[in-house]
Every structure is written in C-alpha cells, then in structure tokens.
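Beneath this line is the structure, given in structure tokens, with notes to follow.
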Amino acid sequence: MKIGTLGAGTVAQAIVRHAVSHGHQIVLSNSRGPASLTGIAEGLGPLAGAGTPEEAAAAEVVVLAVGWPQVPDAVAALPPFDGRIVIDATNQFVSPPPHFEIADLGDLTGSEYVASLLPGARVVKAFNTLYGQYIAADPHHEAGRQVLFLAGDDAEAKATVRDLTAGFGFAPVDLGGLREGGRLMQLGGPLSGLHVLKQD
C-alpha cells in the first residue's frame, strides 16, 4: 500500500515507521517542502520518500498529522480525494499543553470538522488518543496488544484501516461513526489519552 502524510512530526513518523517495517511505501510531506524531509526519509529506508502535500495526498491512505491550527492551511490547496482514505490523527488543541485550550466546534466533533474540509475523503479517526512515543513503541506487550481506537462513517474505509493497523500489531477497536465514536476519542472524551491493552 502507498501511504502519504500531511505533516511529518512525531506522530506521523511513528506511524510510518510501522508502515515501512511492514513493506508499505511512504511519501512524507510538510509545509516546508520535500528538501526539509530528505534526512528523515533516508533514515526510514528505501520505501520512504519526501514529496509535496499534493503528492502525499494522492496516496491510497493519507495520514493527517499536523497541529490543529495548521489543519485548514494543510488541506486548503489539495484536490478532491475521490474516495481515498484519510486517517485523521489530529486533536483540537488551539494551544498546546500544559496550558492547553480546546477549540470550540459547537455540535461538531473534531473529525466531522476535518471531514468538512476534505471533499471526497473517507475519514477515519485513529491514533489521536495515543502519545507519539506509545504509537512508535512495539504494540505487542507482555500482557497483550496496544488497543487502537478508530471511528468513521465508511465501513469499508474503517476495515482498511483496521486491517492495516492490525498488521502493525495494534488491536483496533471500532467505536462507530465520526460523531459518536469521535466524541469518545477527542480531547475531553473518556478515551483521550487512555492506553489500554487487549489480552490475547
């Protein structure tokens, strides 16, 4: 599978390290251009490369992992997604911890808002409840596998993300749609920052 990233920070790198170790091709992108990512891509090995956001967004699965204030600019110039999958790993921090502020989106969940900015995308919320170091770590633990919560409105897209992340070693748990599941997962929800192992 070809996987692109919009953003190339801690979370994006943690996800793509799992991906390249399982044989997937990666295109990293950020707002500073491909040249700024050459060293990171080389460190990930021959399956990883750096590209423009447009090139990354053309992949079969696209990981959105930028800071919340950067989300609109990160996706504004992208063409319609034509049914491709976007994994939304963002959290609606207006300002970061320790003095964090959560964006007021009214009745919308964070991923519903993100989906509204991505015409044609099938959005699956995942990875946002875990800190980057726990995503990067081996999901297999002595007591079980790291649970990965996910939510989305498209069953086929969720199945693709479920199978992909289960292949990485995570234990995916489907929480339903972007509204009900996303509300559980987003900042302020009961599953935000919750690290759980599934016993095997």
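No experiment lies behind these values; they were computed from the predicted model shown.
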Side-chain contact test, heavy atoms from C-beta onward, threshold under 4.5 Å: evaluate it for Glu60 versus Ile85 and give yes or no.
-> no
Do the side chains of Asn91 and Trp68 get nearer than 4.5 Å, heavy atoms only?
-> no
Side-chain heavy atoms of Gln146 within contact of Leu130, under 4.5 Å | yes
State, to 0.1 Å, how close Gly132 and Thr10 come at their nearest heavy-atom pair, and which atoms those are.
-> CA-CG2, 4.0 Å
Under 4.5 Å between any side-chain heavy atoms of Tyr113 and Pro72, yes or no?
-> yes
Distance (rounded to the nearest 0.5 Å) between Glu54 CD and Leu78 CG | 6.0 Å
Would you find a donor on one side and an acceptor on the other, under 3.5 Å apart, between the side chain of Thr165 and the backbone of Val161?
-> yes
Spatial distance of atom CG (Leu175) from atom CG (Leu184) [nearest 0.5 Å] = 6.0 Å
Any donor-acceptor N/O pair, Lys2 side chain to Ala56 backbone, under 3.5 Å | no
So, Thr52 side chain and Glu55 main chain: donor-acceptor pair closer than 3.5 Å or not?
-> yes
Taking all non-hydrogen atoms of both residues into account, name the closest pair between Val11 and Ala89 and its distance.
-> CG1-CB, 4.2 Å
Would you find a donor on one side and an acceptor on the other, under 3.5 Å apart, between the side chain of Thr109 and the backbone of Leu178?
-> yes
Looking only at side chains, do Ser31 and Asp73 share a donor and an acceptor under 3.5 Å apart?
-> no
Straight-line distance of Gln186 CD to Asp88 CG, nearest 0.5 Å | 10.0 Å
Using the test side-chain contact (heavy atoms from CB on, under 4.5 Å), find all partners of Leu47 that sit at least two apart in sequence or belong to another chain.
-> Val20
Considering only heavy atoms from C-beta outward, does the side chain of His24 approach that of Leu164 to under 4.5 Å?
-> yes
Quick one: are Phe127 and Val63 in side-chain contact, heavy atoms under 4.5 Å?
-> no
Least distance between heavy atoms, Ala41 atom then Ala50 atom = CB-N, 4.1 Å
Can you tell me if Arg183 uses its side chain to pair, donor with acceptor, with the backbone of Gly189 under 3.5 Å?
-> no
Specify whether Phe170 and His18 have parallel, tilted or perpendicular ring planes, treating 30° as the upper limit for parallel and 60° as the lower limit for perpendicular.
-> perpendicular
Is it true that a side-chain atom of His22 and a backbone atom of Gly167 form a donor plus acceptor pair closer than 3.5 Å?
-> yes
Here the gap from Leu28 atom CG to Leu37 atom CG, rounded to the nearest 0.5 Å, amounts to 6.0 Å
Quick one: are Met1 and Thr160 in side-chain contact, heavy atoms under 4.5 Å?
-> yes
Is Glu156 atom CD crowded by more than 12 heavy atoms from other residues, nucleotides or ligands, each under 6.0 Å away?
-> no
Which value, rounded to the nearest 0.5 Å, describes the distance between Asp104 atom CG and Gln92 atom CD?
-> 10.0 Å
Non-hydrogen atoms of Ile3 and Ala59 that approach each other most closely = C-CB, 3.8 Å
Locate the shortest heavy-atom distance separating Pro80 from Arg84; write the atom from each residue and the value.
-> O-NH2, 3.9 Å
Taking the side chain as every heavy atom from C-beta outward, state whether Thr90 and Lys125 have any pair of such atoms under 4.5 Å apart.
-> yes
Give a yes or no on whether the backbone of Ala8 and the side-chain of Gln13 come within a donor-acceptor separation of less than 3.5 Å.
-> yes
Under 6.0 Å from the CD atom of Gln133, do we count more than 12 heavy atoms belonging to anything else shown?
-> yes
Joint hydrophobic cluster, Tyr134 plus Leu194, side-chain heavy atoms closer than 4.5 Å | no
Heavy-atom pair of closest approach, residues Ala143 and Leu197 = CB-CD1, 3.9 Å
State the CE-CG distance between Met185 and Leu148, to the nearest 0.5 angstrom.
-> 7.0 Å
Taking 4.0 angstrom as the limit, do Arg162 and Asp174 come out as a salt bridge?
-> no
Backbone of Thr5 reached by a side-chain donor or acceptor of Ser29 within 3.5 Å = yes
